[in-house]
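Here's the structure, in structure tokens; my notes come after.
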There are 2 protein chains.
Amino acid sequence: MVQVPRPGKAPTSADVARAAGVSRTTVSFVLNNVPGSGISEATREKVLAAVRKLGYSPNAGARALRAGTSNLVLYAMPRWPLGHTIHTLLERTRDALAERGLVLIVHGDRNLTGMEAARGWAELRPRAVIADSCRCTRESVAMLRQHGVHTVVLVGEEAVPYAPTVVFQQRRVGGVAAEHLVKEGHRRIAGIVPLGDLSEAGELRYAGLQDVADADPSLELTRVEMPFDHDRALAVARAWAASENRPTAVFAYNDEFAALMMRALRDVGLSVPGDVAVVGVDDTPLCELVTPRLTSVALHSTNFAEMHVKVLMEQLDRTLGDEPPVVPEHEPVLVRRDSA
Amino acid sequence: MVQVPRPGKAPTSADVARAAGVSRTTVSFVLNNVPGSGISEATREKVLAAVRKLGYSPNAGARALRAGTSNLVLYAMPRWPLGHTIHTLLERTRDALAERGLVLIVHGDRNLTGMEAARGWAELRPRAVIADSCRCTRESVAMLRQHGVHTVVLVGEEAVPYAPTVVFQQRRVGGVAAEHLVKEGHRRIAGIVPLGDLSEAGELRYAGLQDVADADPSLELTRVEMPFDHDRALAVARAWAASENRPTAVFAYNDEFAALMMRALRDVGLSVPGDVAVVGVDDTPLCELVTPRLTSVALHSTNFAEMHVKVLMEQLDRTLGDEPPVVPEHEPVLVRRDSA
DNA sequence: TTGTACGCGTTATCAA
DNA sequence: TTGATAACGCGTACAA
């Protein structure tokens, strides 16, 4: 049972020392396994027993205050919904950090950017910060460094000169899809941009389509803004059914939108991929479950996670002022099935 | 640009005081808006200017050390994969906490339980901890309280006497599905238990089927352990096609497993729901996208999130020793479509 | 209005 | 082996 030296207050190392009948110094030596501080096995045991008895857990704040650095690694929650990619990423990162005695913390603030965000992160004086590059300016990164954050790793569309960036291009997702469709001979392509939470990523992916269209004037791009809603999808499909120069292919924002469109297209009598080809994104299990099987752009979340962990670890090892870091690129890959 | 009073070290309130030409006390008064400490508008401005100039951000650890309590609320990352439910929950909780000046932190450790886990959480001396009830024992909760954690809110299958619990019954998910199937006249029901990450929740949902079967001896329950894999699904479907007393209904762990089974069943010539009815879980968009449309048990993540936030806020307001809290129940709801 | 001084919990240094 | 002491950054009671 947990003993209560001072009700409502957490036990301190002094409490442990008192309970074990030793000095605070001794407690500290035992708990931190300080080498070369000949502690007898007997006292060691006494101290550990007292720790267990009191349920002692060191105060991380005080420890960090004294040490000048914490063992926290702060991951700023990304703007887009938490999906499988993030899940894998967190899992791997946590494990890798745990091996070094570092603790992964996901910071909840999702609305603040730039200096505002950095100030909140800096309050915790973390060892490292991982954040979307779109939420970090040169100033905010400098601020973090100023606050003793040894490592800053960004994730985003493109590398910035002031911090190592793991490039993860939403934009290329659209590009890869468009390139495939062009190669298949499509000339009129529609791109879906979702409304709501997903619109930010949606714009980026659509911009990728636009990149390809800009390079090839014979392409005709149609932008379709749409919530995830069967009726809206039906309306779009109906319009296309009635039009003689409808798009011959549609890049849906993700696999779910793609499935939604496929259903709507079929509902109005258009065939997939015969009349309209469809490409999704994420390569989810859904792709195999719909008819026809869905062609999809894969983000390879496992690869991404590993790459991310690698960069983070390199940065943690790096002593301030080393050579600039590598910035891996992560190219999405088209997984071809039947729908396009 | 960020000024550097002492390179590599974060600016302190003393630095701010120096830069503003005032005392540390004054800085503190200004930053904490201490009432009744007549600070002239001029000095106020000077201090704030210095804060901006230095990029000062208070050391949360030191502040907590002094105050005896932090403004952190720790959410221990749940064991099962982060999905839409968790996403909504975090979003709502963060907003509600932000209104009180509290910061939501998601703690990465996912493998530790009981005392081990509690020790890690306690190190940060958070104001509140939210965790899966299955990772908390009576002792570990007592330990947290001992360490000044004012509020502990659990989420899990059933209420425990030592902490307020938001009841969220995976088990009832299976129960609700089974009750529906029984009402529809099914007597031989199969339940899928996924392998891997999802097995923990899978066992609970299957136990819900078992509850119903236990109460009705005429029911015949078949347990199917299965990874998410088309070939394995096909094998199961083939076996059923060849058997004269195959299950007439299958409770799939979630919508994706349900869709996988539906496809496999159709592939081997069995009709849905004619030969075999199928029920999924989560009421995802997928339900409307497959043929036939999928009947699913909905968890109503928005309701859940609101309920969760409500309980958390009540607990935060509660002064230690108040009356025991309400423990809302959250009943899953069957959304009927065509597949069962 | 402002400065001085103390203590929160840890750990490192130094002397015993 | 151990015990006293100082310092980390912050907030505040108290005195000026």
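By convention in this document, chain letters (A, B, ...) are assigned in the order of the sequence lines, proteins followed by strands, and residues within each chain are numbered from 1.
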Indicate whether OP1 or OP2 belonging to D:dG11 is found under 4.0 Å from a side-chain N or O atom of B:Asn32.
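For D:dG11, OP1 or OP2 has a side-chain N or O of B:Asn32 closer than 4.0 Å.
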
Taking only the side-chain nitrogens and oxygens of B:Ser28, find out if one of them lies under 4.0 Å from OP1 or OP2 of D:dC10.
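B:Ser28 to D:dC10 OP1/OP2: no side-chain N or O under 4.0 Å.
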
Difference in axis direction between the ends of the helix from C:dT1-D:dA16 to C:dA16-D:dT1, five pairs, 10°
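Between the axes fitted at each end of the helix from C:dT1-D:dA16 to C:dA16-D:dT1 lies an angle of 40°.
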
With respect to the side chain of A:Arg63, which nucleotide from C:dC8, D:dC10, C:dT10 is positioned closest?
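That would be C:dT10.
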
Pairs: protein N or O with nucleotides 3-7 of chain C N or O, under 3.5 Å:
| unit_1 | atom_1 | unit_2 | atom_2 | d |
| --- | --- | --- | --- | --- |
| C:dG3 | OP2 | B:Ser23 | N | 2.7 |
| C:dG3 | OP2 | B:Ser23 | OG | 3.3 |
| C:dG3 | N7 | B:Thr25 | OG1 | 3.4 |
| C:dT4 | O4 | B:Thr25 | OG1 | 2.9 |
| C:dG7 | N2 | B:Arg66 | NH1 | 2.9 |
| C:dG7 | N3 | B:Arg66 | NH1 | 3.4 |

With sequence neighbours left out, what residues match [X] under salt bridge (Lys or Arg N to Asp or Glu O under 4.0 Å)?
{"X": "B:Glu41", "answer": "B:Arg44"}
{"X": "A:Arg92", "answer": "A:Glu306"}
{"X": "B:Arg125", "answer": "none"}

Give the table of side-chain donor-acceptor pairs shorter than 3.5 Å for residues 111-121 of chain A, with sequence neighbours excluded, one pair per line with atom names and distance.
none

Closest-nucleotide ordering on DNA chain C, the 5'-leading residue of B:Ala62 and B:Lys46:
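Between the two, 5'-proximity favours B:Lys46.
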
Which residues satisfy the side chain to side chain donor-acceptor pair (under 3.5 Å) test with B:Asn32, sequence neighbours excluded?
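For B:Asn32 the side chain to side chain donor-acceptor pair (under 3.5 Å) partners, ignoring immediate neighbours, are B:Ser28.
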
Just to verify, what does A:Arg127 make a side chain to side chain donor-acceptor pair (under 3.5 Å) with, not counting sequence neighbours?
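If we apply the side chain to side chain donor-acceptor pair (under 3.5 Å) test to A:Arg127, skipping adjacent residues, the hits are A:Thr69.
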
Ring pair (Phe, Tyr, Trp, His ring centres under 6.0 Å) partners of B:Phe168, counting only residues at least two apart:
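Ring pair (Phe, Tyr, Trp, His ring centres under 6.0 Å) list for B:Phe168, sorted by chain: B:Phe304, B:His330.
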
Check: A:Gly61 main-chain N/O paired with A:Asn59 side-chain donor or acceptor under 3.5 Å
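Such a contact is found between A:Asn59 side chain and A:Gly61 backbone.
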
